[in-house]
Amino acid sequence: VQLQASGGGLVQAGGSLRLSCAASGRTFSSYAVGWFRQAPGKEREFAAAITWRSGTTLYADSVKGRFTISRDNAKNTVYLQMNSLKPEESAVYYCAAAVTLATMRAGRPDHWGQGTLVTVSS
């Protein structure tokens with residue numbers, strides 16, 4: 001599974017941004033795809049994930065109600081719509097794929113994409 005993240009940038013606090021993760025590979029449709037983020041000096045943390053086949057979603061408590069993860073099967077792409085962004089959410093956001101939502105949530109995905117930088121100004 002290969003993952004290509006994009007969509008990061010600079011946004012003001014309270015603003016919105018949409019990240020994209022393009023997936024490829026023979027078996028990616030059997031995976032869950034999700035997002036982690038890592039702020040400077042902090043550990044990488046789980047944000048959201050979605051199963052490719054059923055569309056079941058999972059969110060970290062910190063982003064519930066503000067972030068929405070979705071998939072476009074035709075484009076083999078997972079999106080993370082981020083609304084009401086806060087300055088403390090400035091981080092490198094990483095796309096990842098895992099066999100199960102449980103392993104994703106545990107921070108042990110099977111594949112990582114490169115990160116995309118999100119900067120939220122106050």
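Since this is a predicted model, take the numbers as computed values, not measurements.
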Side chain to side chain donor-acceptor pair (under 3.5 Å) between D72 and T77: does it pass, once the steps are laid out? CA-CA 5 Å; D72 184 328; T77 300; over 6 Å; no
Taking it one step at a time, do R37 and Y93 satisfy side chain to side chain donor-acceptor pair (under 3.5 Å)? CA-CA 4 Å; R37 59 189 183 185; Y93 283 69; 3.2 Å; yes
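Summarising the geometry of P87 relative to A13, their closest heavy-atom pair is CD-CB, 3.9 Å, with the distance given to 0.1 Å. Among all heavy-atom pairs drawn from V92 and G115, the shortest one is CG1-CA, 3.6 Å. Taking both residues in full, the closest heavy atoms of Y59 and I69 are given as OH-N, 2.8 Å, listed atom of the first, atom of the second, then distance. Among all heavy-atom pairs drawn from L3 and H111, the shortest one is CD1-O, 3.9 Å. The shortest heavy-atom contact between A39 and A91 is N-CB, 3.7 Å. Between T116 and A5, the closest heavy-atom pair is CG2-CB, 4.4 Å.
Side chain of D110 to backbone of V99: a donor-acceptor contact under 3.5 angstrom is found. For the pair R108 (side chain) and T103 (backbone), a donor-acceptor distance under 3.5 Å is absent.
Note that OG of S16 and CG of L85 are 6.5 Å apart. Values are rounded to the nearest 0.5 Å. Interatomic distance, CE of M82 versus CZ of R66, reported as 9.5 Å (0.5 Å rounding). Put simply, NZ on K42 and CD on E88 are 7.5 Å apart, with the number rounded to the nearest 0.5 Å.
The aromatic rings of F46 and F36 sit perpendicular, their planes meeting at an angle over 60°, well past the 30° parallel limit.
Both tests pass for R44 against the ring of Y94: distance under 6.0 Å to the centre and angle within 45° of the axis.
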